[in-house]
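Notes for the one structure printed next.
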Amino acid sequence: MSRVHADANAILGKSWYDYDNFRIDWSPPDRYEIVRRLGGGKYSEVFEGVDMLNSERCVIKVLKPVAAKKIKREIKVLRNLTGGPNVIALLDVVRDPSARYHSLVMEYVEAVDWKRLFPILTEGDIKHFTCQLLLALSHVHEHGVMHRDVKPANVMIDYQRRQLRLIDWGLAEFYHPNVDYHIRVGSRYYKAPELLVNYKYYDYSLDMWSVGCMFASMIFRKEHFFRGSDNDDQLLKIMKALGTELFDLYLKTYNIHFETEIDNLLINYPKQPWTRFITAENRHLASQDALDLLDKLLRYDHGQRLTAKECHGELFLTGHFGVDFFFSSTPIFQ
Ligand SMILES: Brc1nc2nc[nH]c2c(Br)c1Br
């Protein structure tokens, strides 16, 4: 059971988390015009659009029929969380007359591609944007929702405006104690150990592993910190860093039966000190404070990982902040 917010949905009530029984008032699509394609995935195509009523830019996420059964969940989560800090705002839900296509209209973000962003981030940037991501996740977790797909592609960063938005709530789910959840969620490089050993009773801390992977990527200047070629190799990459001893302890703590034919997963690996990943290129970013914080996120045992709130508190209060500390939207200065 989650160490925090285990009863969030019980307190917020059925009208908050019951996404099956709620009616959606679809708007007609005429108000919006598609400008260009931004991207796409298994479940949707994403476009930049314009709202012709106010000439504002927007993003139109057209859901593919295969995603039909989960539309209600994504809309319910977005409706509940819109307005939360650094959560992408849902502006409208539209359906064409034939009711063949359902689309979500969201606020537009002038996002910079992660591939170009992670090599230029300064220490101040890393603190600022990680704080913004943690503000989003502490709000979301407090309100009973796990994102379940935190990764750079779902964190829109407008570097000029120093704004961050957490997007793509298509895999998000409401957390209830002692419920077993699907383990085929998330994106490989950011999958937490509990998903890789088929432990289904996970919670909000799933997202905190992914935050750890992103934080490691930023401070060590490595696009994806654990880069496995498949789910088994993903676990192997993690074991080569965190060691086998703590992995075995993790399995025992939660009575997880993990069988594998992969010989490499049966070898004993020592835990590597985080200083092992420091290079001449990232030395100026991988401070001892940063390594200490990383060590509290990348834990096999999800119950031991910092919560978003705890992590934000530590990051906000550690050491000096870059110049932007005094001008950013940090709470004290809001
Ligand atoms: Br939502 C959303 N999804 C996107 N996919 C690619 N770029 C995107 C932006 Br910008 C937003 Br906002």
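Side chains included, hydrogens not; waters and symmetry mates left out as well; all remaining heavy atoms used. Whatever order the structure lists them in is the order used to number ligands and atoms, beginning at 1. For this chain, numbers begin at 1 and follow the sequence in order. Because the structure is a prediction, the values reported are computed rather than measured.
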Just heavy atoms, cut-off under 4.0 Å: does Asp168 contact ligand 1 by side chain, backbone, both, or neither?
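No part of Asp168 is near ligand 1 at this cut-off.
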Taking the non-hydrogen atoms of Glu110, is any one of them nearer than 4.0 angstrom to ligand 1?
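Contact check Glu110 vs ligand 1: negative.
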Within less than 4.0 angstrom of ligand 1, does Lys61 place any heavy atom?
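Judged by the 4.0 Å heavy-atom criterion, Lys61 does not count as contacting ligand 1.
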Identify, by atom number and element, the atoms of ligand 1 in contact range of Ile88, meaning under 4.0 Å from any of its heavy atoms.
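Counting atoms of ligand 1 from 1, those under 4.0 Å from Ile88 are 12 (Br).
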Side chains of [X] and [Y]: do they bring a donor and an acceptor to under 3.5 Å?
{"X": "Ser187", "Y": "Lys151", "answer": "yes"}
{"X": "Tyr181", "Y": "Asp203", "answer": "no"}
{"X": "Tyr190", "Y": "Asp149", "answer": "no"}
{"X": "Asp292", "Y": "Gln288", "answer": "yes"}

In the protein, which heavy atom is nearest to [atom], and how far is it?
{"atom": "atom 10 (Br) of ligand 1", "value": "Val109 O, 3.0 Å"}
{"atom": "atom 11 (C) of ligand 1", "value": "Val59 CG2, 3.6 Å"}
{"atom": "atom 6 (C) of ligand 1", "value": "Leu38 CB, 3.9 Å"}
{"atom": "atom 5 (N) of ligand 1", "value": "Val46 CG1, 3.6 Å"}
{"atom": "atom 8 (C) of ligand 1", "value": "Met156 SD, 3.7 Å"}
{"atom": "atom 12 (Br) of ligand 1", "value": "Glu107 O, 3.2 Å"}
{"atom": "atom 3 (N) of ligand 1", "value": "Ile167 CD1, 3.5 Å"}

Which one of Phe226, Tyr204, Tyr300 satisfies the ring pair (Phe, Tyr, Trp, His ring centres under 6.0 Å) criterion with Trp209?
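Per the ring pair (Phe, Tyr, Trp, His ring centres under 6.0 Å) rule, the option paired with Trp209 is Phe226, out of Phe226, Tyr204, Tyr300.
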Determine yes or no for a side-chain-to-main-chain donor-acceptor pair under 3.5 angstrom, with Lys222 supplying the side chain and Phe225 the backbone.
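Flag set: sc Lys222 to bb Phe225 pair under 3.5 Å.
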Glu110 vs Arg57, salt bridge (charged side-chain N to carboxylate O under 4.0 Å, His left out): CA-CA, chis, key distance, verdict
CA-CA 10 Å; Glu110 192 72 56; Arg57 279 193 297 187; 2.8 Å; yes
Do Lys271 and Glu245 sit within salt-bridge range, that is, some charged N less than 4.0 Å from a carboxylate O?
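Here Lys271 does not pair with Glu245 in a salt bridge, since their nearest N and O are not under 4.0 Å apart.
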